[in-house]
Structures are given as structure tokens and as C-alpha cells.
Amino acid sequence: MKKALKILLFSLSILTLTGCGKKADQPTAWNANQEKEQGKNTPSPMSEEIPPANGETTDESSSFSKTSDTIKGSLYPVYITENNKRKYGYSNNKGDFIIQPAYDDATNFTEGFAIVNTGDTYKVIDTTGNVIYKSDSSIEPFKNGAAIINKFTDKLLYGYIDTAGNIIANGNFYEFADNFNSDNKAFVYSAGKSSIIDKTGNILESYPVDTKYQDVIDIQDGYILYSDPDTGNYGVINYKGEELLEPKSNPTIVRYLGNDIFEIKQNQEDSYLPPSYIPSALMNIKGEQLTDFNIYDLSDFNNGYASVTDDKYTFFIDTSGKEVSNIPKLEGRGTLTLLGDVIKAEIDKDLLYIKKEGIIVWHNSNEYSLSPDIHVKEVKYKPSKCVTVYYPVINGLKSKEAEKKINEKLHELFIDHRKNITKEDQLSVEDSFTAKLQNQLLVINQTGYDYPFGAAHGMPINNYYYFSIKTGELYTLKDLFEKDRDYVSAINEIIKGMIKKEEKNEGSMFFPDSFITILEDHNFYLTEEGLVIYFYPYDIAPYAAGFPEFIIPFDRLNNIINKQGTFWKAFKE
């Protein structure tokens, strides 16, 4: 595993930070919006500051810098890609996994502990990977020696554990609970009362909350966010039950961010935009609006900073809403977290760590092996805020001509139909892929989701592409069959029979008389057992049916399969 995190800092031409035309002492910006093309890893000097970008970026290498003194002794969640899936572990500043990558997700360490999960199991681990507590419900990070846990009874309740994994506060669980403060006191709410407790569970103060405020949404820092029963708008009272901010329809309070600041949004009843695409502003506890409605993706305030995005960048703001000018801003959409002198940047589902002065200390490689020689690289294309496309670039084929042919076609299949999407299209796009070798075939499964703003739901994407790794040829359905054989009719008859059999059962998912014929280049994929023909949602069944599939054993098509053809041979070799 350690070889996945060699001690290399990236080539200056590989991953770059730009000054965006500002002076050298101004914040730099990671150029994540450029399309990355083929290139080879080139190690660069350790801990060298990244100069302004001068064009497109290429490949990166997963690594921490040797001379990154600010993270000495620290552990950071990083991941490797195995079988098209991310597995998280923890690396030190030398690029060595101290805790092996075995988790589906992993938080930062706080107070010597981190929260990891695999499937539906959440665990608290220490810096050696030892599990001190586990649960089938989520666990919040430790703060001041305690972490909030939850459990389900007839409703969701919250309690606390200490750093030994013991349930504290006398085993009490509450409807809402805040973290313990440095004075070992916490605000909780249950049964129409707000209270201040200590870690033994003793109630130090308690106040009844008027019934009109009892549709509680959250309690933090002594503020109770509640929903007005008549309008559904949020208001704020303090823990003593005194009203601070009354519910308003415009602007509406969205949530509490910490540091006495709230996120607000304008009421856009006529807008089809989902909430995450409606701009936000900041408001303080006095009801004073601190910023214009021009920021997105607000994080909570941490050490006086919150992460936000605009139409192009992700950056920090302070409690006045002003951009923090001495910390790098990164191009793309995501979240920044300040961890001492290191910034954790999760941008467009990508991960890197960068020091405040603009030195990259780790970035995932976005490349994995399909065989000892053949590798696939995940490359980002992001023409606008709401469009993110990850497409594959293949390297290591014996035939460079075939490799070039495949990569050019993949670029066309993933990118060409996305180039003309504009903000006015009101469309969110998220495209990705998985890749594998199937004998002498490169199989690319293109996945994604197109969401037109205002629609009840978007449209999922699921396309399979089969390439010969010898010639680079892209095969379609017809290439599987002998020339001039009517494979369309043969497959139609088989599918009609399957549908007819299904329709005899109650609750058939198919639209009546919806299937007429497959296309000559119909959607398909291959298994060892047979040919799978599948349809997009709404083609022959409702959206809820997903992608209806028909598995046709090869022996039912035996007399028309071209077993001397290059497609079949590549599949069987």
C-alpha cells in the first residue's frame, strides 16, 4: 500500500496554483477548472511553492512533502482507488499509511480521534487505528473530551461518549444536544425544556420553552433554531426561551453557522433552482445582513473562517463575510477546512492538502491499474460551476496508435456533448466512469446524472463502451454478429417473450405495448453468461424501474454470433 503514497511532490506543470493576475503575496488559486490531458508523472523539488499556472494541467502523484514541518506528527485522511472504489486510510507527512485504507469514509482527527465508517457501521478510532467505540448510527467528532452519538427509539435521540468510548452524562439521551464547551458544559433540549448540563448529566440550569417554539430544528451555542408552525420559516430563541430572531419569509433563515452568524436565503417562489444553487448571505444575531446574496456552499465557521464558493472559486471568508486574502483560493466547487497551517480541500469530489503559503503537501493520483502495464487516469473537465465531467485517459497499451485512438474517442464521447452547456441551460451535470479489462477488451462504463433545475428528478446516465486494446476499435452491438444476419429481429423476439412472461405476473413494470424493437446500436453489456440488453428510464418502463435489463444467454444467439469476428475473439481470448 505504501507505494501508492511515495514521497514525491508534483511537477510544477502537473498541478498548479495561480495568482489570478494578482501580486505574488496575494492568495493563489488551484487551477482545477482546466481540462487535464495526458502526461507522465514528473517529481518536483520537495515543498517548492507552486508558481502561477500557464495552461492546462496533467497528471498528479499522491504524496506528502518531506519538508512539510507543519504536519509533522499529524495524520490525515487520504484514499487510494481499488476496483474503482475509494478506500480511506491515514497517512503521515512522509506519505506512509499509518492506518491502512479500509474505510468507505474517514474524518479528520480531532483531539486524537477520528470517525470512520464501512457500510452502516461507524467507529471511533485512535491514532493507532484501535477502535474505542462503534455504532450503527453516525458519530460526531470529539470536542472538549466528548463526542455526540445518537440512537433510534421512536425518534432520533442524542447522547455523549468520552474519549474511552464510555457513555457519559449518566446515560441520558436528548432530543437535541450541542457539543461540550471548554468549561465542560453543554446545551441540550428535551420535552419542552432547554437545559445546561455537565458531563455527569447533572442539570445546572433549565428553562421551559413556549409551545410556539417547540418545533425545534437545532440547538447550538445556546441558540435554539425552531420552525414556525404556520409558515415553516425558521426563527431563533436563546436557551432561556427569549425570542431573538422572528421567522420571516424573505429573507429566510437557513441554519446556524457558529460565531453568532446565520445563513439566509431570499425567498424565490418562482424559481426552479434547488436550494444548493440559490445564493446565500450572512446575517448576525442582531438581524443585520453582513453580505450580499452571492455566496454558495457555506460551511460552518471554524476558527473564525467559513468555506464558500462563488461562480468559479472555493475560498475562506471571515465573520464579516469578507474573503480571507492571505489563504489560497482554489478553482472549482467544494469545501475547504483549516487544519492548523494545512488546508484540506475537497474540490469537485477531489482531495488535496495545501499549506497556507500555497505549497501542496498531498494530492491523490487519480490513476489506477487495470493490469501491470495498463493504467487509467481520471481526468476532470469543468466548463462551468454546475458541470463536472470525469473522463478516462488510458496509458500503457502496447500499441500507442491504439492508445491514441481510444483516448481520442473517449474524449469525444465524454466531452463533446458537454461543451456547449451554459448557465442559462439551468442544468446540473455530474459524469464519471469505471474501467476494467475483460480479456482483450477495455470496458468503460460511463455513469452520471443530468438534473434540469425544477424537474421532479434528473436523468441517470449508463453507457458501456467496448474497445479492442490491440487496435483501439470501438465495438457496437452489430459487431457481435455475423454480417447481414438479422440480429435485431432475433433479439426482439427473445425480449418480447420475456416481457410477455413478465406481464403474466402481477405488478409488471413495463408500459403496455411499449416495446417495439431494439436499435441497431442498442445499449448492451457482456457477461460470461450472455448478452445483456438494457433500456433507459421511460423507454419501456417508469423511472422507478431504473434501467430494465434482459439477460440473453449466448446459446440462444449461437447461430448468429460471429465467432470469427474480432469482437468475439477479443471477448473470449
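Here, residue 1 is the first one in the sequence, and each next residue gets the next number. The structure displayed is predicted, hence computed values, not measured ones.
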**Study point:** Listed partners of Lys409 passing salt bridge (Lys or Arg N to Asp or Glu O under 4.0 Å), at least two apart
**Key:** Glu412
Review point. Taking the six-membered ring for Trp, are the ring centroids of Phe453 and Tyr277 within less than 6.0 Å of each other?
Key: yes
Review point. Does Glu401 have any side-chain contact (heavy atoms from CB on, under 4.5 Å) partners at least two apart in sequence or in another chain, and if so, which?
Key: Ser399
Point to revise | Check ion pair Asp311-Lys423 (N to O, under 4.0 angstrom) | key: yes
**Study point:** Aromatic plane relationship, Tyr466 with Phe524 - under 30° parallel, 30 to 60° tilted, over 60° perpendicular
**Key:** parallel
Exercise for review: Quick one: sort the Trp362 and Tyr79 rings into parallel, tilted or perpendicular, breaks at 30° and 60°.
Suggested key: perpendicular
Revision key, fill the gap. Applying side-chain contact (heavy atoms from CB on, under 4.5 Å) to Ala455 and not counting sequence neighbours gives Tyr451, Pro452
Study note, to complete from the structure: With sequence neighbours left out, the residues meeting side-chain contact (heavy atoms from CB on, under 4.5 Å) with Asp539 are Phe535, Tyr536
Check your understanding: Does any N or O in the side chain of Glu323 come within less than 3.5 Å of the main-chain N or O of Ser325, such that one atom is a donor and the other an acceptor?
Key -> no
Revision key, fill the gap. Residue set satisfying salt bridge (Lys or Arg N to Asp or Glu O under 4.0 Å) with Asp431, at least two apart, ordered chain then number -> Arg418
Practice item. Examine the side chains of Glu482 and Asn562 and answer whether a donor and an acceptor come within less than 3.5 Å of each other. Key: no
Revision key, fill the gap. Thr447 meets the side-chain contact (heavy atoms from CB on, under 4.5 Å) criterion, sequence neighbours left out, with Ser432, Asn445, Asn462
**Study point:** Parallel, tilted or perpendicular, as decided by the 30° and 60° cut-offs, for the rings of Tyr76 and Tyr353
**Key:** perpendicular
Check your understanding: For Tyr464, which residues count as a side chain to side chain donor-acceptor pair (under 3.5 Å) partner, sequence neighbours excluded?
Key -> none
Sequence neighbours excluded and cut-off under 3.5 Å, please list the side-chain donor-acceptor pairs for residues 566-573, or say none.
{"unit_1": "Thr566", "atom_1": "OG1", "unit_2": "Tyr475", "atom_2": "OH", "d": "3.0"}
{"unit_1": "Glu573", "atom_1": "OE1", "unit_2": "Lys470", "atom_2": "NZ", "d": "3.2"}

Exercise for review: Applying salt bridge (Lys or Arg N to Asp or Glu O under 4.0 Å), name anything that partners Asp310, two or more places apart in sequence or on another chain.
Suggested key: none
Practice item. Sequence neighbours left out, what pairs pass salt bridge (charged side-chain N to carboxylate O under 4.0 Å, His left out) with at least one residue falling in residues 516-536? Key: none
Practice item. State whether Arg333 and Asp297 are salt-bridged, where the test is any N-O pair (Lys NZ or Arg NE/NH1/NH2 against Asp/Glu carboxylate O) under 4.0 Å. Key: yes
Exercise for review: Taking side chain to side chain donor-acceptor pair (under 3.5 Å) as the test, write out the residues that go with Arg255, two or more places apart.
Suggested key: Glu263, Asp300
Check your understanding: Are Tyr368 and His375 near enough that their ring centres are under 6.0 Å apart?
Key -> no
Review point. Is it true that atom CG of Asp120 has more than 12 heavy atoms of other residues, nucleotides or ligands lying nearer than 6.0 Å?
Key: no
**Study point:** By salt bridge (Lys or Arg N to Asp or Glu O under 4.0 Å) - contacts of Asp318 (at least two apart)
**Key:** none
Point to revise | Residue Leu437 excluded, over 12 heavy atoms near CG under 6.0 Å | key: yes
